[in-house]
A.B. asks: 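My questions all concern the structure below.
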2 protein chains.
Amino acid sequence: MLVSHMAKHEPDLSRLFHALADPTRRTIVTRLAEGPAPVTELAKPTGLRLPTVMRHLSVLEEAGLIATSKDGRVRSCAIVPEALAPVRTWLDEQREIWEARLDRMDDYVMKLMEERAK
Amino acid sequence: MLVSHMAKHEPDLSRLFHALADPTRRTIVTRLAEGPAPVTELAKPTGLRLPTVMRHLSVLEEAGLIATSKDGRVRSCAIVPEALAPVRTWLDEQREIWEARLDRMDDYVMKLMEERAK
DNA sequence: AGAAAACTTAGCCAACTGGCGAAGTTTCCC
DNA sequence: GGGAAACTTCGCCAGTTGGCTAAGTTTTCT
């Protein structure tokens, strides 16, 4: 894998979480998971104006969650499914830390019980 | 299952994602995954002032990610590990939608190939 | 009692957000 | 050529955020 490709899409968790923190943007992501769509089609169900939706789309794009390309006067938006990986990884890391702690607590309790059994 | 528990069927993903969108708050969550800690101990590594950290903590608490309790003059903060479940669920849902789409595309391609083989 | 510790509240501020309407720009169709 | 479609850019606005300092409050220590 080329470094130049990695530099562009840092696993910027803050950007990712921020992008996902808006219900409109999550709706768009869910819609795009079903397949690509032009901006106007994404805007319709939201009831928001185009400039507003454009803003949401650029937040999603800057977070690396979607990719867009223009064909004629239509901009097609598509999801970038692997973009969610860093989020999943972070969640897994938290769970690992938590479980490691539970294990240590288990050990501690076991030791206490052994002491007591003497 | 009690209705009161189901009533908020839509867990507050916006609050959760927003809470996790700040690096300071993620650092606090990670620290708390290792075990409970008082406010001052959480503040130390951040280099931020206490009121600022308090604000971060209340954002985390309102998102349900941490729980706090006061013992004497010390407020102890602890993680609520199951609070991350809705985030994980949402990610899983997105993946499901995406994979269902891939399956449909597979079917489509298979059909095309069959047509061609005629 | 008096000081120190550990919050807690209040208020200030600059920057960011999410919405809007108005006015472009580029393509497409007749 | 001219109008409609589909963005795109601009600038406005109210509300939120994340940082701070200053000034409480409650407990604990001596």
Side-chain angles (χ1 to χ4, degrees), chain A residues 10 12-32 35-80 87 90, chain B residues 10 12-32 35-80 83 87:
Chain A
E10 306 169 45
D12 197 336
L13 282 172
S14 295
R15 252 181 232 281
L16 279 172
F17 278 125
H18 170 70
L20 297 174
D22 183 278
T24 300
R25 289 196 289 264
R26 284 197 306 279
T27 301
I28 291 175
V29 166
T30 301
R31 163 64 190 81
L32 289 181
V39 177
T40 306
E41 188 186 319
L42 293 174
K44 218 175 299 174
T46 67
L48 298 173
R49 299 296 184 171
L50 230 54
T52 307
V53 174
M54 288 290 291
R55 190 87 203 89
H56 282 307
L57 290 175
S58 71
V59 169
L60 287 171
E61 191 166 17
E62 274 167 34
L65 284 165
I66 70 171
T68 75
S69 62
K70 207 158 180 185
D71 180 21
R73 60 184 161 169
V74 177
R75 174 168 301 277
S76 181
C77 307
I79 203 163
V80 179
V87 176
W90 188 84
Chain B
E10 252 178 287
D12 210 337
L13 282 172
S14 295
R15 254 181 232 279
L16 279 172
F17 279 123
H18 170 70
L20 296 174
D22 183 278
T24 300
R25 289 196 289 263
R26 285 198 306 278
T27 302
I28 290 175
V29 166
T30 301
R31 162 63 190 80
L32 288 180
V39 178
T40 306
E41 188 185 319
L42 293 173
K44 218 174 301 173
T46 67
L48 298 173
R49 300 295 184 170
L50 228 55
T52 307
V53 174
M54 290 288 292
R55 192 87 203 90
H56 283 307
L57 290 175
S58 70
V59 169
L60 287 170
E61 191 166 17
E62 273 166 35
L65 284 166
I66 70 171
T68 75
S69 62
K70 208 159 181 186
D71 181 21
R73 61 182 162 171
V74 177
R75 175 168 299 276
S76 181
C77 307
I79 204 165
V80 179
V87 176

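Here is the naming used below: chain letters follow the sequence lines, and residue numbers restart at 1 for every chain.
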A.B. asks: Checking A/Thr27 side chain against A/Pro23 main chain: does a donor-acceptor pair fall under 3.5 Å?
C.D. replies: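 Here the side-chain-to-backbone pair exists.
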A.B. asks: Report the distance from atom NE2 of A/His56 to atom P of C/dC16, rounded to the nearest whole Å.
C.D. replies: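 My rounded result for the distance is 18 Å.
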A.B. asks: In whole Å, I'd like the distance from the CG atom of B/Leu57 to the C1' atom of C/dT9.
C.D. replies: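 Going from CG in B/Leu57 over to C1' in C/dT9 covers 15 Å.
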A.B. asks: Check every strand shown and say whether A/Pro51 touches a base, only sugar-phosphate, or nothing at a heavy-atom separation below 4.0 Å.
C.D. replies: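 Touches a base.
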A.B. asks: Would you please confirm or rule out a distance under 4.0 Å between OP1 or OP2 of D/dG19 and any side-chain N or O of B/Arg49?
C.D. replies: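 It does not, given that no N or O in the side chain of B/Arg49 lies less than 4.0 Å from OP1 or OP2 of D/dG19.
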A.B. asks: Closer to the 5' end of DNA chain C via nearest nucleotide, is it A/Thr24 or B/Pro38?
C.D. replies: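 Counting from the 5' end, the first nearest nucleotide belongs to B/Pro38.
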A.B. asks: What's the closest nucleotide to the A/Met54 side chain, out of C/dC7, D/dC7, D/dT17?
C.D. replies: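 Selected nucleotide (nearest to the side chain): D/dC7.
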A.B. asks: Classify the ring geometry between A/Phe17 and A/Trp90 as parallel (under 30°), tilted (30 to 60°) or perpendicular (over 60°).
C.D. replies: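 Because their plane-to-plane angle is over 60°, the rings of A/Phe17 and A/Trp90 count as perpendicular.
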A.B. asks: Just the rounded figure in Å: distance from C1' of D/dG19 to CG of B/Leu48.
C.D. replies: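 To the nearest whole Å, that distance equals 8 Å.
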A.B. asks: Taking only side-chain N and O atoms of A/Thr40, does any of them lie within less than 4.0 angstrom of OP1 or OP2 on D/dC7?
C.D. replies: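 Yes.
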A.B. asks: Between D/dC7, D/dG18, D/dT26, which one does the side chain of B/Arg73 approach most closely?
C.D. replies: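 So the side chain of B/Arg73 is nearest to D/dT26.
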A.B. asks: Quickly work out the B/Leu20 CG to D/dT17 P distance and round it to whole Å.
C.D. replies: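 Roughly 14 Å, once rounded to whole Å.
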A.B. asks: The side chain of A/His18 is closest to which nucleotide in this list: C/dT17, C/dG19, D/dG18?
C.D. replies: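 The answer is C/dT17, which lies nearest to the side chain.
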A.B. asks: What does B/Arg55 touch in the nucleic acid at a heavy-atom separation under 4.0 angstrom: a base, only the sugar-phosphate, or nothing?
C.D. replies: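 No contact.
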A.B. asks: Are the side chain of A/Arg25 and the backbone of A/His18 linked by a donor-acceptor contact shorter than 3.5 Å?
C.D. replies: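 Yes, because the side chain of A/Arg25 sits within donor-acceptor range (under 3.5 Å) of the backbone of A/His18.
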A.B. asks: Judged by each residue's nearest nucleotide on DNA chain D, which is more toward the 5′ side, B/Gly72 or A/Leu50?
C.D. replies: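 Mapping each residue to its closest nucleotide by heavy atoms, the 5'-most match is A/Leu50.
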A.B. asks: Does the side chain to side chain contact (heavy atoms under 4.5 Å, CB included) test come out yes or no for A/Leu16 and A/Leu65, once each step is laid out?
C.D. replies: CA-CA 8 Å; A/Leu16 279 172; A/Leu65 284 165; 3.7 Å; yes
A.B. asks: Could you check which of C/dG18, C/dA6, D/dG18 has an atom nearest any side-chain atom of B/Val74?
C.D. replies: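 The answer is C/dA6, which lies nearest to the side chain.
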A.B. asks: Determine whether a donor-acceptor pair (N or O, by modelled atom type, separation under 3.5 Å) exists between the side chain of B/Ser14 and the backbone of A/Ala21.
C.D. replies: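 Flag set: sc B/Ser14 to bb A/Ala21 pair under 3.5 Å.
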A.B. asks: Expressed as a whole number of angstroms, how long is the span from A/Asp71:CG to D/dA5:C1'?
C.D. replies: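 In whole Å, D/dA5 C1' and A/Asp71 CG are 14 Å from each other.
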A.B. asks: The side chain of A/Arg75 lies closest to which of these nucleotides: D/dT8, C/dG18, C/dT8?
C.D. replies: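 So the nucleotide nearest the side chain must be D/dT8.
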A.B. asks: From CD of A/Glu41 over to C1' of D/dA6, roughly how many Å is that when rounded to an integer?
C.D. replies: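 So the CD-C1' distance, A/Glu41 to D/dA6, works out to 13 Å.
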A.B. asks: Would you indicate what A/Thr52 reaches in the nucleic acid, counting non-hydrogen atoms under 4.0 angstrom: base, sugar-phosphate, or nothing?
C.D. replies: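 Base contact - A/Thr52 has a heavy atom under 4.0 Å of at least one base atom.
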A.B. asks: Compare side-chain N and O positions of A/Lys70 against OP1 and OP2 of D/dA6 and report whether any pair is under 4.0 Å apart.
C.D. replies: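 The answer is no; no side-chain N or O of A/Lys70 sits under 4.0 Å from OP1 or OP2.
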A.B. asks: Check the distance between D/dT17's C1' and A/Asp22's CG and give it to me in whole angstrom.
C.D. replies: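 So the CG-C1' distance, A/Asp22 to D/dT17, works out to 15 Å.
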